[in-house]
Number of protein chains: 2
Amino acid sequence: MAASAHRGAPLTPEEISATALRLIDAGGVEGLSMRKLAVELDVNPMSLYHHVDGKTALLQRVCALVAGRLDLPADDDAPWQERLRALGHACRRSARRHPSLWLYAQSHPEVTGTDHLIWRALDRILATAGIDADDLVHARKTLFALLSGFILGETTGALDEQGGAADRDQTFEAAVDFAIAGLSAFRKSTA
Amino acid sequence: MAASAHRGAPLTPEEISATALRLIDAGGVEGLSMRKLAVELDVNPMSLYHHVDGKTALLQRVCALVAGRLDLPADDDAPWQERLRALGHACRRSARRHPSLWLYAQSHPEVTGTDHLIWRALDRILATAGIDADDLVHARKTLFALLSGFILGETTGALDEQGGAADRDQTFEAAVDFAIAGLSAFRKSTA
DNA sequence: ACCTGAACACCGTTCAAGT
DNA sequence: ACCTGAACACCGTTCAAGT
């Protein structure tokens, strides 16, 4: 009845993270438990604690796994508007693939370490856009809020429930246009 | 040792919600349990189930309690920009008073029922701002995302951890300016 | 070294029995 | 009607004992 000894291979970290991600996608972060993960890996629940430092550490690794798969836009010479749009799409794509994990990560930022990859990329885009140095922090945080909130609303469904038969992709494009126009508030401030 | 019979009064819904809110503010939504709430009310844990339909229903009531205390801006003849700003400040104030509840509510929108109060008020403001009817849904959802994301980031601390010694209030004002400028993307679309 | 059973301190919730 | 004890089906995690 109980899970028997693991089949040969000694349970790699990659296997643990990948399986956890699969369970999260299927049943949500709330539905993941160390015990269920152990069953899925055909292993005694307590064996996991020899490879992971606890549930929080496990979730951190899974977040890192997903973050590594983001395909952020290159720093090419495309117009900054396009790169901004591409950054948003990359995040949305990932969030649609792993909704429950994104929901969790956004409520528990300590688990992702403030997403270095994404925000550094955003900073480079804003620099190209000619944002005043004084306002760069404000601009980054504001765009962070907009993107974060959009993905949150899309993931929870709050955005859809707000009525209006509008297509989600269409709304997202509108939000990007809004952001591009909004950035003028920062560019003009010292003019 | 165990909690004895309740002291006289027969445990009103208001008392339950108010006590739950207090516990949430003190120890987070995650830290609230039916059992702890019962101890706090000096009642047997199972007695609660005669007055509330379960933990989810309890959280719904607590959210409604907090939503009722929002002081949203009046529909006066102040400029729409000011009313927009005031709407944002009202939400931020509430979120700062009850951070854990807001965090929970934003990840579980089913618990708030899409916040009718706030979004109806926002719609009225946008109407005053002269947004095209075609774009109103997009505009509302975009502002929803921005406000929601800002409060999320402020509540979790993700916004602060992004470096920059910028004052939070200052960043919020900058975000409102950004939003006001961004709305021009909607106003010009049919011109 | 690696694995494991039992145990601890929790959960939300059900249900039959009490008053 | 209202309350309650015991119980069920879960959690994450510790720890001493096994191989």
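- With no hydrogens or angles considered, a side-chain donor-acceptor pair links R83(B) and T128(B) at under 3.5 Å.
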Got a list of side-chain donor-acceptor pairs under 3.5 Å for residues 16-24 of chain A, not counting sequence neighbours?
unit_1: S17(A); atom_1: OG; unit_2: P13(A); atom_2: O; d: 3.2
unit_1: T19(A); atom_1: OG1; unit_2: E15(A); atom_2: O; d: 2.7
unit_1: R22(A); atom_1: NH1; unit_2: E40(A); atom_2: OE2; d: 3.2

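- Rounding to whole angstrom units, CG of residue N44(A) and C1' of dG18(D) are separated by 13 Å.
- Distance CG (L48(A)) to P (dC2(C)): 14 Å, rounded to an integer number of Å.
- Side-chain atoms of K141(B) never come within 3.5 Å of backbone atoms of T171(A) as a donor-acceptor pair (strictly under, hydrogens ignored).
- The pair R92(A)-D169(A) counts as a salt bridge, with a side-chain nitrogen and a carboxylate oxygen less than 4.0 angstrom apart.
- A salt bridge between D71(A) and R93(A) is present, with a side-chain N of the basic residue lying under 4.0 Å from a carboxylate O of the acidic one.
- Rounded to whole Å, the distance from NE2 on H51(A) to P on dA1(C) is 14 Å.
- Going from the C1' atom of dC10(D) to that of dC8(C) covers 15 Å, rounded to whole Å.
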**Request:** Could you walk me through whether F178(B) and F178(A) pass the ring pair (Phe, Tyr, Trp, His ring centres under 6.0 Å) test, one step at a time?
**Result:** CA-CA 9 Å; F178(B) 164 88; F178(A) 165 89; 5.6 Å; yes

**Request:** Going 5' to 3' through nucleotides 9-15 of chain D, assign each nucleotide B (protein heavy atom under 4.0 Å from a base atom), S (under 4.0 Å only from sugar-phosphate atoms) or - (no protein heavy atom that close).
**Result:** --BBBB-

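- Comment: D177(A) engages R85(A) in a salt bridge, judged by a side-chain N to carboxylate O separation of less than 4.0 angstrom.
- Looking at H108(A) and Q60(A), their side chains never bring a donor and an acceptor atom within 3.5 Å of each other.
- Secondary structure note: stems in DNA chain D built from 3 or more consecutive Watson-Crick or G-U wobble pairs under 3.5 Å occupy C:4-8 with D:12-16, C:12-16 with D:4-8.
- A straight line from CG of L41(B) to P of dC2(D) spans 17 Å, rounded to a whole angstrom.
- The C1' atoms of dA16(C) and dC3(D) are separated by 13 Å, rounded to the nearest whole Å.
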